[in-house]
There are 2 protein chains.
Amino acid sequence: MDLRHNEIEGNSEPTQSLGQTSHLALDIGGSLIKVVYFSISRDNCIDREQESSANDTLGFSNGNCKHPILQGRLHFAKFETSKINDCLEFISSKKLHLGGFQHHENPGKNKNFIKATGGGAYKFTELFKENLGIDLDKEDEMDCLVAGANFLLKAVHHEAYTYIDGQKEFVQIDQNDLYPYLLVNIGSGVSMIKVDGDGKFERVSGTNVGGGTFWGLGRLLTKCKSFDELLELSHQGNNRVIDMLVGDIYGGMDYSKIGLLSTTIASSFGKAVSDNKELEDYKPEDVARSLLRMISNNIGQISYLNALRFGLKRIFFGGFFIRGQPYTMDTISVAVHFWSKGEAKAMFLQHEGFLGALGAYVSYAKHSIDDLVCNQSMQLPVSASYTADPNYNPLNGDFNDNESIQCSVYAA
Amino acid sequence: MDLRHNEIEGNSEPTQSLGQTSHLALDIGGSLIKVVYFSISRDNCIDREQESSANDTLGFSNGNCKHPILQGRLHFAKFETSKINDCLEFISSKKLHLGGFQHHENPGKNKNFIKATGGGAYKFTELFKENLGIDLDKEDEMDCLVAGANFLLKAVHHEAYTYIDGQKEFVQIDQNDLYPYLLVNIGSGVSMIKVDGDGKFERVSGTNVGGGTFWGLGRLLTKCKSFDELLELSHQGNNRVIDMLVGDIYGGMDYSKIGLLSTTIASSFGKAVSDNKELEDYKPEDVARSLLRMISNNIGQISYLNALRFGLKRIFFGGFFIRGQPYTMDTISVAVHFWSKGEAKAMFLQHEGFLGALGAYVSYAKHSIDDLVCNQSMQLPVSASYTADPNYNPLNGDFNDNESIQCSVYAA
């Protein structure tokens, strides 16, 4: 374990020593807790050379070093932050917290460390200590978002895609031509980060109109009990019932002189001004649809304006707001395309919701991202060079969840 | 009347000939109809020289030309577009429609023209014809907004002001250093216009999150019956009840690394996500406050980002959303100041809601704006050089409304 130990010693947290490797990392946001954990499917030691043929097909060269290897999957789970006890129970029942780091300064206490990011890593420190006996080792939220995005964009095949006219198209990222890009993470609020390289970034903007706004306003307006229910509802709705369109103002005509079609939304929820209706008189699905459109469009516009400032052509959208929803992605894509006159491109990520948690996970070793090899389970069985605890017990259970990433983890 | 006739002949509407001068102009928007009309308080002819001393104190030089003059006021009125009949009645009762232009091609029909802008000028053409027997002579909405803003900024003393830390401070506009500026008109929707001179402008952006969104969403959420009621309600509210602050996520701490205070709003309405509350459990005033803050902040941010694109230091906010509300102006000012790091300045206009209607009014003559002299009634009794119909009967009634502008109108 010397190599890894030294790497950790060399970073900004020299007081910690690694007794064992964790398989769990958390991103505790304002609305959701995102969990990433590793499960072992084959724990036999193999030689990296044995894998070279498989990796060669991906263009990765692992070299000839010999290490014990754990093959398995990275799994993803989420919980509502307001139901944090469900998360604690989940971790406890799967014993995910037992693979953490030990305090260097208090080896006798045998306290475990779990990497955690997001504001909740601060807010819920005591709760985790009391319930699971673990310390949350806090990683900066922006650091983690960027590390997670870079990891996914570099290591995971078929991660990024565009969504245009209902067509999802995977984008093969040229690792030599990845930077700079704008990362827009849509959580409860929205952060916009200009990324120039590994660990090189600046949070250039953000907006308080984000996923929490959609869900919060949506709950109040529709009485939906969950984010998923609200999104599902929005599929069936028609935003034109409540939104004031250019045509509503111009008597059905375009305002063509400035390029506004009659179908362009002039004012979100603007029809509610003059309709003599109460909230109950509108269908909840129409309300949900207008709200989704309003917020997606707004985020798309502010993202584009920030990309423009720095001449960024690619905008990657992450965070738990999008959820692969066609209407959301379409609205964002159209907004970016419209405002940038086709100059900038909106791209989405398969594991969009877990950037922060993945960033916290890869922060255990602070390996160079370039060394990681990982591929989505449904695509190709591949390996990730990553340090893991060979003494860790493989988890029982079925891990065929769609979002999981098949990985091989190398114990250094 | 030759001069004026020629001027009109020289513009893009050569088929019209002016028989008499109108004293009424309309801006019919998605939510509100804005009316500007002129009333005569003294209809004696005076020499412009007689006024030179008053004007000299303002730095205006009117020269020595002799013209009949009408002294009076420009008045402002508004109606909800959904209650357009109230507007028709108002015009009819005051006989404001009787001073319009006559059709050149149909002099026998004696049809009057009224200058009108906004989408409703198209939508309600027939309604005005049927009810008042007048044709709406349509002026482009953006043309009118810019003409109205330029008119106010150049001709009206104490028109523009900043609002910082609760302090309203009038800004003396140097007419030689007015351009370029960003004009942000917040009506039902929002238009953002880069203004480079008289009639020289480009609509560079806009957003569908505007006054109609505030009012529409606000109605649905609070059951308020009017925009004014909703604004009034918002005064008493506390947005922190529903908004998710950085401190709510970070356990009361700042996220100081990226400069976010614990009191910064991370997610508008984000607390409604986790509070186990229905809409009825929140106070309407808190909801109204959060909504006002969300929309004001959002408009401020998008405005700044557009000002930044073009290196514009001054942003003038117009439209009927702001209404001189301290909280609205404070939020917009802070947003512009925060995002621009103090580089850009938000400014507000005393007659913010009537830019389009004023622009339609001044379009009758298409005089050079530089010739106009006009001052707010409460400040100084001044004159505006403007062509008016000397045969027009002065209106009866009391015109001490606060928003009126005292003017002198010259019949050419």
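Numbered from 1 within each chain, the chains take letters A, B, ... in sequence-line order.
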(request) For chain A, find which of B:Lys277, B:Glu202, B:Lys223, B:Glu141 contributes the most heavy-atom pairs closer than 4.5 angstrom. (result) B:Glu141
(request) Pick whichever of B:Leu217, B:Val287, B:Ile265, B:Ile28 has the most heavy-atom pairs under 4.5 Å with chain A. (result) B:Leu217
(request) Could you tell me whether the side chain of A:Thr81 reaches within less than 4.5 Å of the side chain of B:Ile249, counting heavy atoms only? (result) no
(request) Output the option from A:Arg293, A:Met142, A:Met294, A:Met253 having the highest count of non-hydrogen pairs under 4.5 Å with chain B. (result) A:Met142
(message) Minimum heavy-atom separation for A:Ser31 and B:Met244, please, with both atom names.
(response) OG-CE, 3.9 Å
(message) Can you tell me which of A:Gly206, A:Ser290, A:Ser226, A:Gly270 forms the most heavy-atom pairs within a distance under 4.5 Å of chain B?
(response) A:Gly206
(request) Find the one option among A:Ser188, A:Gly259, A:Gly251 whose heavy-atom pairs under 4.5 Å with chain B are most numerous. (result) A:Ser188
(message) Do A:Ile258 and B:Asp140 make a side-chain contact, defined as non-hydrogen atoms from C-beta onward lying under 4.5 Å apart?
(response) no
(message) What I'd like to find out is whether the side chain of A:Leu221 reaches to under 4.5 Å of the side chain of B:Leu279, using heavy atoms alone.
(response) no
(request) Only pairs at least two apart or in different chains count here, so list each ring-ring contact (aromatic ring centres under 6.0 Å, His included) that has a residue in residues 247-298 of chain B. (result) A:Tyr122-B:Tyr250, B:Tyr250-B:Tyr255
(message) As an exercise: rank A:Thr125, A:Ile302, A:Val190 by heavy-atom pairs under 4.5 Å with chain B and give me the winner.
(response) A:Ile302
(message) I'd like to check B:Asn208 versus A:Asp243 (side-chain heavy atoms, cut-off strictly below 4.5 Å). Are they in contact?
(response) no
(request) Can you tell which part of B:Gln301 gets under 4.5 Å to a heavy atom of chain A, answering side chain, backbone, both or neither? (result) side chain
(request) Look at A:Lys257 together with B:Asp143 and state whether they make a salt bridge at an N to O cut-off of under 4.0 Å. (result) yes
(message) With a 4.5 Å cut-off on side-chain heavy atoms, are B:Lys83 and A:Ser274 touching?
(response) no
(message) Tell me whether A:Arg219 contacts the main-chain N or O of B:Ala272 through its side chain, where contact means a donor paired with an acceptor under 3.5 Å.
(response) yes
(request) Check each atom of B:Asp275 against the heavy atoms of chain A and say whether the ones under 4.5 Å are side chain, backbone, both or neither. (result) backbone
(request) Would you mind checking which part of A:Lys271 comes under 4.5 Å of any heavy atom in chain B, side chain (CB onward), backbone (N, CA, C, O), both or neither? (result) neither
(message) I'd like to know which of A:Phe124, A:Phe214, A:Trp339, A:Phe227 tops the heavy-atom pair count under 4.5 Å against chain B.
(response) A:Trp339
(message) Show the nearest heavy-atom pair for residues A:Arg309 and B:Leu308, with the distance to one decimal.
(response) NE-CD2, 3.3 Å
(request) Would you check if the side chain of B:Thr213 reaches a backbone N or O of A:Ser268 as a donor-acceptor pair within less than 3.5 Å? (result) yes
(message) According to side chain to side chain donor-acceptor pair (under 3.5 Å), who are the partners of A:Asn85, at least two apart in sequence or on a separate chain?
(response) none
(message) With a 4.5 angstrom heavy-atom cut-off, is it the side chain or the backbone of B:Tyr304 that approaches chain A, or both, or neither?
(response) side chain
(message) I need the residue from B:Ser205, B:Gly29, B:Gly210, B:Ser82 with the largest number of non-hydrogen atom pairs under 4.5 Å to chain A.
(response) B:Ser205
(request) Kindly indicate whether the side chain of B:Ser267, heavy atoms from C-beta on, has any atom under 4.5 Å from the side chain of A:Trp215. (result) no
(request) Indicate yes or no for a side-chain donor-acceptor contact from B:Lys123 to the backbone of A:Gly252 under 3.5 Å, with no hydrogens or angles considered. (result) no
(message) If we define contacts as heavy-atom pairs under 4.5 Å, which of B:Gly187, B:Gly120, B:Gly212, B:Gly247 has the most with chain A?
(response) B:Gly212
(request) Between chain B and each of A:Gly211, A:Ala121, A:Gly218, A:Gly189, count heavy-atom pairs under 4.5 Å; write down the option with the most. (result) A:Gly189
(request) Please round to the nearest 0.5 Å and tell me the distance separating atom CG of A:Asn298 and atom CG of B:Asn298. (result) 4.0 Å
(message) I need the minimum non-hydrogen distance between B:Gly216 and A:Val273, along with the two atoms involved.
(response) N-CG2, 3.6 Å
(message) Would you say that B:Leu220 contacts A:Glu280 through its side chain, given a criterion of any heavy-atom pair below 4.5 Å between the two side chains?
(response) no
